[in-house]
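Every number for a ligand or one of its atoms is a count from 1 in the order of the listing. For clarity, every value in this text was computed on a predicted model and none was experimentally measured.
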Amino acid sequence: MKITNIQKYYGKQQVLKDIDFEFGESQIVGLIGKNGVGKTTLMKIMNENIVKYNGTFTLEHDVKIGYLIESPKLYLNKTGYYNLNIFRKILGSNVDDAYINELIEAFGIKPYINKKVRKYSMGMKQKLAIAVALMNKPQYLILDEPTNGMDPDGSIDVLKTLQRLSKELNIKILISSHKLEDIELICDRTIFMKDGTIVEDYNMHDSSTNVTKFSFSNDQFNSALNLLTMNYKVISSNKQDGIISVEALADYQDILKKLSKEDVYPKFIENNKVTLRDQYFNINKGAEA
Ligand SMILES: Nc1ncnc2c1ncn2[C@@H]1O[C@H](COP(=O)(O)OP(=O)(O)OP(=O)(O)O)[C@@H](O)[C@H]1O
């Protein structure tokens, strides 16, 4: 799958600007961005639901895509089991019953698989819809906020199952979510969208994404931020909680000296892994809520 220089307009509104994307070596990629930034639109180009755009989207020959985008399309008056079977047919898939049963077990939908989908809760429907998305044994799986409506335990189970299936069946997954902890749990890479474009492409295993966090009292915060910005790459800063994070420092002595010359003393310093939350707020600093 390769996306090159994609632009998408809805009428006069440009929603996507010069998007380039490839999975490359990564297996599970997270897609993050504020409401309306264009995540769903990008995913709909990938599953060929949207075909009018500028730029190119290419897919390897003989490759299948599974997807769950927006609300699940299921036969509500039929059972979960019926849905899996009928989508096997609709998708022209040759998966055997053992594969279906494996998905039923894996996504924890066995207790209600013979009940009509109309009676399912939202989370139950989402789990079934993810299993349906896997009915054609896809090489790529596109999931738009798949854990919506799931309780925390259910979300973790589903995400871990997706991670296992991704490895076992060699499925590359693109997953959008506003739940940053979901993305942190399973993704090996995260792309951030802002203003219709990808502004950050972030390797979740990269040790250079460690940060050194400083904490300052409110009256020292501005001087500290000035000094740190002059000397290091500031990853995020939050005046309310007094925290400034900079790209990881092996040694603090030099900066401590500089700070003390200005009569600025950190309350504490610690090395942490940069969180998606840090990144998210940093990228969206100044953006409209
Ligand atoms: N069919 C459509 N016609 C016109 N405008 C649309 C259409 N679909 C989406 N939009 C607009 O395109 C922009 C991007 O929408 P999109 O659904 O891709 O965002 P998103 O990042 O998925 O948002 P969310 O996080 O809320 O799901 C929004 O401004 C939206 O109003």
Within a strict 4.5 Å, meaning less than it, do heavy atoms of the Leu42 and Ile3 side chains meet?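 A side-chain contact under 4.5 Å exists here.
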Distance under 4.0 Å, heavy atoms only, partner ligand 1: which residues pass?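 Around ligand 1, where the cutoff is 4.0 Å for heavy atoms, the contacting residues are Tyr10, Gln13, Val15, Lys34, Asn35, Gly36, Val37, Gly38, Lys39, Thr40, Thr41, Glu145, His178.
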Considering only NZ, NE, NH1 and NH2 on the basic side and carboxylate oxygens on the acidic side, decide whether Glu70 and Lys44 come within less than 4.0 Å.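 Judged by the 4.0 Å cut-off on N to carboxylate O distance, Glu70 and Lys44 do form a salt bridge.
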Return yes if a side-chain donor-acceptor contact under 3.5 Å exists between Tyr140 and Glu60, otherwise no.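 Yes, Glu60 and Tyr140 have a side-chain donor paired with an acceptor closer than 3.5 Å.
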Going by the rule side-chain contact (heavy atoms from CB on, under 4.5 Å), which residues pair with Ala133 if we only count those two or more places apart in sequence or in a different chain?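 Only Leu141 meet the side-chain contact (heavy atoms from CB on, under 4.5 Å) criterion with Ala133.
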Establish, for the pair Lys12 and Tyr9, whether the NZ or CZ atom is under 6.0 angstrom from the six-membered ring centre and no further than 45 degrees off its axis.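 No, Lys12 does not lie over the aromatic ring of Tyr9.
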Could you walk me through whether Met193 and Lys39 pass the side chain to side chain contact (heavy atoms under 4.5 Å, CB included) test, one step at a time? CA-CA 8 Å; Met193 280 181 71; Lys39 302 179 297 293; 4.2 Å; yes
